[in-house]
Protein chains: 2
Amino acid sequence: MKQSIEMSDEGPVATSPRRRVRKAEAAPNLGVPVAGHGIDVEQNIYQTVFDSVLNQRLAPGTKLPEPALCELFGVSRAVIRKVLQRLEHDRIVELRPNKGAVIAAPTPEETRQIFEARRALEVSIVEIAARCHTAQDLADLRHLLAHEHEVTHNPYQPTWAACAREFHLRIAAVAGNPILTSYLTELMTRCSLIVALYQPIGNAACEHAEHGRIVDYMEKGDVASARAEMGRHLRALEDNISLDRSGSTQTLAQMLNLG
Amino acid sequence: MKQSIEMSDEGPVATSPRRRVRKAEAAPNLGVPVAGHGIDVEQNIYQTVFDSVLNQRLAPGTKLPEPALCELFGVSRAVIRKVLQRLEHDRIVELRPNKGAVIAAPTPEETRQIFEARRALEVSIVEIAARCHTAQDLADLRHLLAHEHEVTHNPYQPTWAACAREFHLRIAAVAGNPILTSYLTELMTRCSLIVALYQPIGNAACEHAEHGRIVDYMEKGDVASARAEMGRHLRALEDNISLDRSGSTQTLAQMLNLG
DNA sequence: GAAACGAATATCGTTGACGATTATGAGTTG
DNA sequence: CAACTCATAATCGTCAACGATATTCGTTTC
């Protein structure tokens with residue numbers, strides 16, 4: 001997670017527009033194994049699964065068989081296994097030895113830990129950001145807030161979820177520490193997993209007003225209040241999570257938004 | 001990094017005692033490829049490299065050719081590549097496409113970010129620990145402090161480095177959040193890399209007195225002072241890093257403490 | 001004598017196949 | 001009819017080999 005994540009609600013990123021995936025015929029490769037461009041393909045697959053989880057097309061617990069992914073993306077198992085390993089390290093999937101990969105399903109205890117870790121991290125991030133922000137940073141944040149206000153009450157949940165996510169990531173960008181940003185990105189993705197698990201209708205909203213207050217405190221240079229407001233904000237978010245479950249009968253290809 | 005790291009200054013963990021690694025004859029495997037026990041082997045290799053980096057037998061910039069590791073550990077390249085990928089994600093090695101793997105060498109800017117991230121994290125960790133510690137936790141920390149006092153001024157740097165490391169990890173354990181602990185573990189390893197880079201003689205000591213004060217504040221329940229002391233402590237540690245370089249002419253096998 | 005060119009070597013990326021392990025379903029029996 | 005057993009299928013872990021790429025070293029030329 002070196003660079004910021006681009007949100008796209010329309011499935012795979014930068015796939016050839018006329019691509020038609022069919023069994024055992026996907027990505028013919030012309031017989032020549034082109035080496036060296038593997039990173040793009042790998043990043044593509046990773047991003048597709050990542051976005052699908054973020055947009056809740058891939059529910060926690062969904063199995064991800066390697067042969068199925070091979071045919072869907074037209075690559076060999078080695079590539080798939082590499083991507084799955086990255087996804088496991090980012091806690092997006094769980095790799096059970098000899099039993100295959102599934103989308104991670106955080107337990108209630110893990111949920112508590114994830115939110116606690118996120119509070120610990122993001123409170124420090126907003127403190128750094130409150131100390132070192134520029135006028136341009138504040139303008140950008142205000143712009144995001146306006147956009148956020150527009151999509152409030154949008155019936156399509158992933159849109160404003162992406163919007164809220166972008167706000168938090170932007171604050172991390174203001175703080176200017178890519179390490180902290182990568183940790184936050186990982187934790188926010190796991191929060192999305194939790195929302196997918198426990199919020200079928202998807203209404204664990206970031207309160208818009210709280211976001212606004214955070215920027216206000218940052219602008220006033222009130223570091224302590226910015227910290228406190230972020231802490232309250234994240235605690236309220238955690239409290240909004242109720243506990244129930246949902247299922248789905250879509251195919252893997254549909255959930256990945258392919259073909 | 002699911003569980004806490006055990007420090008061992010004596011090289012590879014749990015290798016067969018009578019094992020004699022020789023070229024093209026290592027780990028005969030009896031012709032049958034035993035599958036399923038791969039996780040142990042994989043963890044073994046990871047831990048060996050990890051410890052070697054921690055103990056500064058593997059200097060930053062050292063190349064890790066896949067064929068060499070295959071012969072040293074008697075496994076196929078697939079296993080080595082999997083371990084190298086994990087090490088890359090933990091920022092211990094850097095994987096350059098088509099150019100091989102090297103032990104990561106943080107730049108000065110990355111160094112600043114690593115220390116900032118560690119301060120941000122560990123200040124929150126000590127706050128949580130100061131709120132939720134038990135009497136047993138304090139006793140354990142005091143015990144570590146005593147051991148730390150014993151090995152102070154020990155000429156063998158890795159011993160007290162491991163000791164100081166254990167102290168910080170124990171505080172994270174008291175806080176009881178494995179996610180924060182894993183992040184801290186990663187950052188402390190990267191700090192070890194930095195020490196290996198910029199401190200040839202290895203004297204970036206954790207001040208023993210500061211550790212003691214942190215425990216004192218925790219015991220008194222003075223959360224704010226514990227936070228502040230940890231922040232000062234880590235800032236002092238960063239300030240102790242000066243900038244010079246060292247090299248080594250050991251073989252890879254020697255640095256890994258094998259054969 | 002130094003720099004540029006080219007061949008040889010070393011190393012990496014990818015693939016396909018083989019054996020091992022787990023899940024599934026048919027068949028049998030109490 | 002339910003529960004158990006066994007055979008079949010699906011999936012995973014590992015390996016060896018092939019082509020591609022980067023590095024190195026010897027040779028040539030100015």
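Reminder, nothing fancy here: chain letters follow the sequence lines and each chain counts from 1.
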Atom pairs under 3.5 Å: protein N/O with N/O of nucleotides 23-25 of chain D:
from	atom 1	to	atom 2	distance (Å)
D:dT23	OP1	B:Lys99	NZ	3.4

Check your understanding: Expressed in angstrom and rounded to an integer, what is the separation of A:Gln85 atom CD from D:dC12 atom C1'?
Key -> 14 Å
Practice item. Return the value, rounded to whole Å, for the distance between atom CD1 of B:Ile80 and atom P of D:dT14. Key: 12 Å
Review point. Nearest-Å distance, CD (A:Glu42) to P (C:dG13)?
Key: 10 Å
Practice item. Please identify each residue that fulfils side-chain hydrogen bond (donor to acceptor under 3.5 Å, both in side chains) with A:Gln113, with sequence neighbours left out. Key: A:Glu109
Review point. So, are B:Arg190 and B:Glu110 salt-bridged, with charged N and O less than 4.0 Å apart?
Key: no
Review point. Roughly how many Å is it from CD in A:Glu66 to C1' in D:dA10, rounded to a whole number?
Key: 12 Å
Practice item. Find which nucleotide of DNA chain C each of A:Ser76 and B:Leu84 is nearest to by heavy atoms, and output the residue with the more 5' nucleotide. Key: B:Leu84
**Study point:** side chain to side chain contact (heavy atoms under 4.5 Å, CB included) involving B:Arg119 - partner list, sequence neighbours excluded
**Key:** B:Phe115, B:Glu116, B:Leu234, B:Arg235, B:Glu238
Practice item. Provide, to the nearest angstrom, the distance between the CD atom belonging to A:Glu71 and the C1' atom belonging to D:dA10. Key: 13 Å
Point to revise | Short side-chain N/O contact to D:dT14 OP1/OP2 from B:Lys82, under 4.0 Å | key: yes
Practice item. Using atom types as modelled and distance alone, determine if a side-chain donor or acceptor of A:Glu66 lies under 3.5 Å from a backbone N or O of A:Arg81. Key: no
Revision key, fill the gap. Side-chain contact check for A:Asn98: nearest option of C:dT15, D:dG13, C:dT11 is D:dG13
Exercise for review: Specify the separation, in whole Å, of atom CG of B:Asp40 and atom C1' of D:dG13.
Suggested key: 13 Å
Study note, to complete from the structure: Contacts of B:Ala175 meeting side chain to side chain contact (heavy atoms under 4.5 Å, CB included) (sequence neighbours excluded), chain-then-number -> B:Ile125, B:Ile128, B:Ala129
Exercise for review: Keeping to residues at least two apart or across chains, list the ring-ring contact (aromatic ring centres under 6.0 Å, His included) pairs with something in residues 173-193 of chain B.
Suggested key: A:Tyr183-B:Tyr183
Review point. D:dC12 phosphate, OP1 or OP2: any side-chain N/O from A:Arg77 under 4.0 angstrom?
Key: no
Check your understanding: Rounded to whole angstrom units, what separation is found between the CZ atom of B:Arg96 and the P atom of C:dG13?
Key -> 11 Å
**Study point:** B:Ala78 side chain, from C-beta outward: closest of D:dG13, C:dT15, D:dC15
**Key:** D:dC15
Review point. Salt bridge (charged side-chain N to carboxylate O under 4.0 Å, His left out): which pairs involve residues 176-185 of chain B, sequence neighbours left out?
Key: none
